[in-house]
Amino acid sequence: MRRAVVLGGSIAGLLAARVLSDHADEVLVLERDDVAPRGGFGSGQGPRPGVPQGKQMHALLDGGRRRIDEWLPGFATDLIADGAALADTGRDLHTYVGGRRKVLVDGVEMISATRPFLEAHLRRRVLSLGNLHLVHGRVRGLTFEGGRVSGVRYTRTFTDARDEVVLDSDLVVDATGRGSRIDNWLKEGGWPEPETRSMRVDLGYTTALFRRPEGRHDATLAQSLSTTPDGRLRLSTLGRVEGDQWIVLIAGYADDRPGRGSDEFLLRCKQDPAAAFRQLAEDGELIGEPVSYGHPENRRRDFHLLDRFPAGLVATGDVLASFNPIYGQGMSSAAMHASCLAAYLKSGQSLRDPAWSYFKDAGAVVDDVWQTSTRNDLRLPHVTGPRPRGFKVVSRISDLVDRASMTDPVIHRRCLEVTQMLTPAKTLMRPGTLLRAAWAVRRQAA
Ligand SMILES: Cc1cc2nc3c(=O)[nH]c(=O)nc-3n(C[C@H](O)[C@H](O)[C@H](O)COP(=O)(O)OP(=O)(O)OC[C@H]3O[C@@H](n4cnc5c(N)ncnc54)[C@H](O)[C@@H]3O)c2cc1C
């Protein structure tokens, strides 16, 4: 390829750009926020308008960490050297269900850091590749020629739409996130829009940063799942992040969303059945105000089901699917989409044809992640569907495996490998796992 253009310079866009740098003379990353790293490392590292979820807790799962390390060797080591926490789930991730601690297992590792810190490190590494450049501008649409996308229309200023510029491109990657306008762009070019599926979950998120006296903590990462007396599920997570700070998230659904303000935030921490949160509310000092975020629904776009699509265009990251964020799958999914893109480009298929094999592979990744997260979401009383076929049976089996994971280290580890995106969800349905889970639950009863 002579030139590839990536729309959106966040996690998915940067990872796609890294892959493309092996296949194109020039890769341009078009981003509407001014994210150019300037001078010292502190710049371009704060929250930004184009990524409104950036102030919320973000953990990088083991599956994503390993893939990013493949594309950018030493990425995780650099993050940790600069202050991110590496949590071994066997030692450091304390999981409590209703205040009871899950059995410890030998670890898979995940990274705890603030989202802007993680993204700034990724950007710095990706932009250091010679044939890759950042372009500051807002995408307005695509240009089409014959059966393919031939370029991107964008404006350099945000006030004057007459300032439109066209960038010719051999391949365009849409990584503009959940709010992508790709459906409109396709429609404008006379192409069908992908089918969109959604599941309403009505999740409320609030995150705050804390400072703590040295040594006054027992967990690098802790997660607490509890149910209120009237049956509503609550989730709290805390983690050490760069700068010796602690990030804490509390989440609730429907009319149990956490409210705004520091008093309510601290009260929820103090009421948590897990000791790690109560201790933090006691000894921690809040930095600034807690920040809230609403996630109304999970959403996916099924490009692989279309029967007509232009060549020279693919989509990645949240454009393909965005899930309930409590499972932390988004950045790792983007890393897996990047691997699908690499496989497609290495296959030598002609760019004059639509990238069906890419969409098929990326669709399989989305299917697996969607299954894991929506299966859990569908167990919530206020989530009404749509329920897939066989949901009741699968749900009973998942309950059994979940219960067994409280006390059986082998089952807990297998569950972690799925939730950390190291193995596909279907591995939990293997007869050996189910038999072992049934025994573990029997022993608990005894
Ligand atoms: C509350 C919350 C918590 C989350 N927690 C986690 C977590 O713990 N772990 C995890 O892995 N994932 C988490 N996620 C998901 C994660 O944020 C995303 O999956 C991840 O950022 C990948 O997104 P992306 O790069 O596809 O899109 P985004 O990060 O949304 O980025 C889109 C980019 O496109 C740019 N853009 C948009 N439109 C235009 C345009 N017209 N022109 C130019 N540029 C444009 C934006 O400025 C932005 O830079 C969470 C999400 C939410 C909402």
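Atoms within a ligand are numbered from 1 in the order they appear, just like the ligands themselves. Along the sequence shown, residues are numbered consecutively beginning with 1.
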Judged on heavy-atom distance to atom 45 (C) of ligand 1, which of Val291, Thr176, Asn324, Leu15 sits nearest?
Thr176

Closest to atom 15 (C) of ligand 1 (heavy atoms only, candidates Ala321, Gly330, Ser332, Gly179) is Gly330

Heavy-atom nearest neighbour in the protein, as seen from [atom], with distance rounded to 0.1 Å:
atom	result
atom 48 (C) of ligand 1	Glu31 OE1, 3.5 Å
atom 2 (C) of ligand 1	Pro325 CB, 3.4 Å
atom 5 (N) of ligand 1	Met57 O, 3.3 Å
atom 26 (O) of ligand 1	Asp318 N, 2.8 Å
atom 40 (C) of ligand 1	Val139 N, 3.7 Å
atom 11 (O) of ligand 1	Met331 N, 2.8 Å
atom 14 (N) of ligand 1	His58 NE2, 3.3 Å
atom 21 (O) of ligand 1	Arg115 NH1, 2.5 Å

Backbone, side chain, both or neither: what part of [X] comes under 4.0 angstrom of ligand 1, heavy atoms only?
X	answer
Arg140	neither
Pro49	neither
Arg48	side chain
Arg32	both
Ala334	neither

Does atom [atom1] ([X]) have a neighbourhood of more than 12 heavy atoms from anything else shown, all under 6.0 Å?
X	atom1	value
Arg181	CZ	no
Glu145	CD	no
Arg278	CZ	yes
Asp244	CG	no

Any N or O of [X] closer than 3.5 Å to N or O of ligand 1:
X	result
His295	no
Thr316	no
Val51	no
Ser10	yes
Gly328	yes

Judged by non-hydrogen atoms, does [X] sit under 4.0 Å from ligand 1?
X	result
Arg178	no
Gly137	yes
Ala59	yes
Leu7	no

Kindly say whether Leu86 contributes a backbone atom to a donor-acceptor pair with the side chain of Glu109 at under 3.5 angstrom?
no

With no hydrogens and no angle check, is any side-chain donor or acceptor of Arg3 less than 3.5 Å from a backbone partner on Asp168?
yes

Step by step, work out the side-chain hydrogen bond (donor to acceptor under 3.5 Å, both in side chains) result for Ser357 and Gln349.
CA-CA 9 Å; Ser357 75; Gln349 290 172 59; 2.8 Å; yes

Using a 4.0 Å cut-off to any heavy atom of Tyr205, which atoms of ligand 1 qualify?
1 (C), 3 (C)

Ligand-side contact atoms (ligand 1) for residue partner Gly8, heavy atom cut-off under 4.0 Å
34 (O), 35 (C)

Between atom CG of Leu15 and atom CH2 of Trp71, what is the distance when rounded to the nearest 0.5 Å?
9.5 Å

Going by distance alone, is a donor N or O of one side chain under 3.5 Å from an acceptor N or O of the other, for Asp82 and His121?
yes

Ignoring hydrogens and angles, state whether a donor on the side chain of Thr143 or Ser150 is under 3.5 Å from an acceptor on the partner side chain.
yes

Anything under 30° is parallel, anything over 60° is perpendicular, the rest tilted; go ahead and classify Trp356 against Phe309.
tilted

I would like to know whether Asp62 and Arg65 meet salt bridge (charged side-chain N to carboxylate O under 4.0 Å, His left out); could you show each step before the answer?
CA-CA 5 Å; Asp62 209 4; Arg65 179 184 68 88; 2.8 Å; yes

Closest approach of Ala59 and Met110, non-hydrogen atoms and distance?
CB-CE, 3.6 Å

Name the one of Val139, Val6, Val319 that satisfies side chain to side chain contact (heavy atoms under 4.5 Å, CB included) with Asp174?
Val319

